[in-house]
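Since this is a predicted model, take the numbers as computed values, not measurements.
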Amino acid sequence: MSVQPCCTLLAALIIFISCSKSAGSSNSASIDVTKQWFIDDAGLLIQGLSDGQWSNRAFTSQEQNLFSSLDTANLAGTSQPDSVFEESPVSHNYIIPNPYSAYSQLHFQFTNGFSGTIMFKMVVVDNHLKPVDKEAFRIQASVCSGCAMPFSNSSLIRIMPNIPAGQYRLYYTLGSVSNPQFYTSWGNIQRNP
């Protein structure tokens, strides 16, 4: 009879350990927010990485779900440009500066002749892909008079995520009524105290 309680105890211990391992593995995904691009106040790249940050890219379903609460933004009256430029050294779609203290900026350049309103949505997440700030607002492309570039329409926006000092990832989309997410990107950001 003393064998049966020992086997029961061993079986209970195995089940407990298995459940603990399962629970630990179901935690939210971790992302590396330490790989930072460093950009000075003038927008000059100090250090960049060849890792795809700040370029147009497809989101995973988990990344796409970060924007579900912002899907109620009214897209009426918005339009889509032919292109969003991201070629160096003329156009950069990363925040300026990085790291930043109070606010940072994003600058977009669109094909010449585009004059319209675009919906900008952003989600800032921590290293567990947990949203810490979200925002959606309209941006207006403006024409650069006298610019000798193939793209003279641009938009400069100021973003001020409501986050404490630390390292994060900024996901953002550009959208219109005809295509709610025609440009999707992310990059790691750092807020200093």
Side-chain angles (χ1 to χ4, degrees), residues 31-59 63 66-67 80-127 129 131-176 181-193:
I31 56 173
D32 186 359
V33 296
T34 62
K35 295 180 179 174
Q36 298 282 328
W37 285 37
F38 295 99
I39 299 103
D40 71 12
D41 291 343
L44 297 174
L45 182 63
I46 298 168
Q47 176 187 332
L49 305 167
S50 298
D51 58 0
Q53 288 187 55
W54 309 110
S55 61
N56 194 14
R57 59 188 311 142
F59 285 165
E63 291 169 330
L66 295 171
F67 291 86
Q80 179 177 342
D82 292 335
S83 300
V84 179
F85 289 92
E86 55 184 29
E87 299 299 321
S88 295
V90 181
S91 177
H92 306 288
N93 297 335
Y94 48 68
I95 68 165
I96 301 167
N98 194 33
Y100 71 97
S101 293
Y103 68 90
S104 59
Q105 301 177 96
L106 277 165
H107 182 246
F108 300 104
Q109 293 195 352
F110 311 109
T111 45
N112 194 19
F114 175 71
S115 178
T117 304
I118 298 168
M119 180 59 69
F120 174 82
K121 296 178 184 178
M122 71 173 206
V123 179
V124 179
V125 299
D126 64 13
N127 65 334
L129 215 59
V132 292
D133 194 33
K134 295 182 178 189
E135 194 171 351
F137 54 86
R138 292 169 180 256
I139 60 175
Q140 177 68 45
S142 58
V143 176
C144 173
S145 301
C147 289
M149 299 182 228
F151 42 89
S152 58
N153 292 25
S154 65
S155 183
L156 178 68
I157 59 171
R158 180 181 285 193
I159 59 172
M160 297 180 286
N162 186 17
I163 55 176
Q167 294 180 322
Y168 302 90
R169 180 167 292 171
L170 168 70
Y171 287 93
Y172 70 86
T173 67
L174 300 177
S176 69
Q181 291 188 343
F182 63 81
Y183 188 89
T184 56
S185 185
W186 65 262
N188 292 331
I189 63 172
Q190 180 174 325
R191 179 165 185 180
N192 289 338

Answer whether the closest heavy-atom distance between the side chains of Thr34 and Gln167 falls below 4.5 Å.
yes

Do Ile39 and Ile46 have side chains that get closer than 4.5 Å, going by heavy atoms?
no

CD1 on Ile31 to CG on Asn127, rounded to 0.5 Å:
7.0 Å

Interatomic distance, Ser176 atom OG to Met119 atom CE [nearest 0.5 angstrom]:
10.5 Å

Side chain to side chain contact (heavy atoms under 4.5 Å, CB included) between Ile139 and Leu156, intermediate numbers included
CA-CA 8 Å; Ile139 60 175; Leu156 178 68; over 6 Å; no

Between Ile96 and Asp41, is any pair of side-chain heavy atoms under 4.5 Å apart?
no

With side chains defined as the heavy atoms from C-beta onward, is the minimum distance between Tyr100 and Asn192 less than 4.5 Å?
no

For residues Asp40 and Ala42, report the shortest heavy-atom separation together with the two atoms involved.
OD1-N, 3.0 Å

Quick check: does any side chain N or O of Gln36 sit under 3.5 Å from a backbone N or O of Ile189, one acting as donor and the other as acceptor?
yes

Enter the distance from Gln53:CD to Asn98:CG here, rounded to the nearest 0.5 Å.
8.5 Å

Report the relative orientation of the aromatic rings in Phe108 and Tyr183; use parallel for angles under 30°, tilted for 30 to 60°, perpendicular for over 60°.
perpendicular

Taking the six-membered ring for Trp, are Trp37 and Tyr94 parallel (under 30°), tilted (30 to 60°) or perpendicular (over 60°)?
tilted

For Ala165 versus Pro193, what's the shortest heavy-atom pair and its separation?
CB-N, 3.8 Å

Audit row: Val33, Asp126, side chain to side chain contact (heavy atoms under 4.5 Å, CB included) steps and yes/no:
CA-CA 8 Å; Val33 296; Asp126 64 13; over 6 Å; no

Using the rule ring-ring contact (aromatic ring centres under 6.0 Å, His included), only one of Phe120, Tyr172, Trp186, Phe59 pairs with Phe67; which is it?
Phe59

State, to 0.1 Å, how close Ser185 and Ser55 come at their nearest heavy-atom pair, and which atoms those are.
OG-O, 3.0 Å

Are Val84 and Asn93 packed together at the side-chain level, in the sense that at least one heavy-atom pair is separated by less than 4.5 angstrom?
yes

Glu63 CD to Thr173 OG1 distance, which is reported to the nearest 0.5 Å:
12.5 Å

Return the minimal non-hydrogen interatomic distance between Leu170 and Leu106, and the atom names on each side.
CD2-CD1, 4.5 Å

What is the distance from atom CG of Asn162 to atom NZ of Lys134, rounded to the nearest 0.5 Å?
14.5 Å

Verify, without hydrogens or angle tests, whether Lys121 (side chain) and Tyr171 (backbone) share a donor-acceptor contact under 3.5 angstrom.
no

Closest approach of Pro81 and Ile118, non-hydrogen atoms and distance?
CD-CD1, 4.0 Å

For Asn188 and Gln190, test the side chains for any donor-to-acceptor distance below 3.5 angstrom and give the result as yes or no.
no

Are the ring centres of Phe110 and Phe85 closer than 6.0 Å?
no

Using modelled atom types and a 3.5 Å cut-off, is there a donor and acceptor pairing between side-chain atoms of Arg191 and backbone atoms of Pro164?
no

Would you mind reporting whether Ser104 and Ile159 have side-chain heavy atoms less than 4.5 Å apart?
yes

Heavy-atom donor-acceptor pair, Asn56 side chain to Thr184 backbone, under 3.5 Å:
yes

Would you call Pro97 and Phe38 a side-chain contact if the rule is heavy atoms closer than 4.5 Å?
no

Residues which pass side-chain hydrogen bond (donor to acceptor under 3.5 Å, both in side chains) with Glu135, listed by chain and number, not counting sequence neighbours:
none

Using side-chain heavy atoms (C-beta onward) and a distance below 4.5 Å, is Gln140 in contact with Arg138?
no

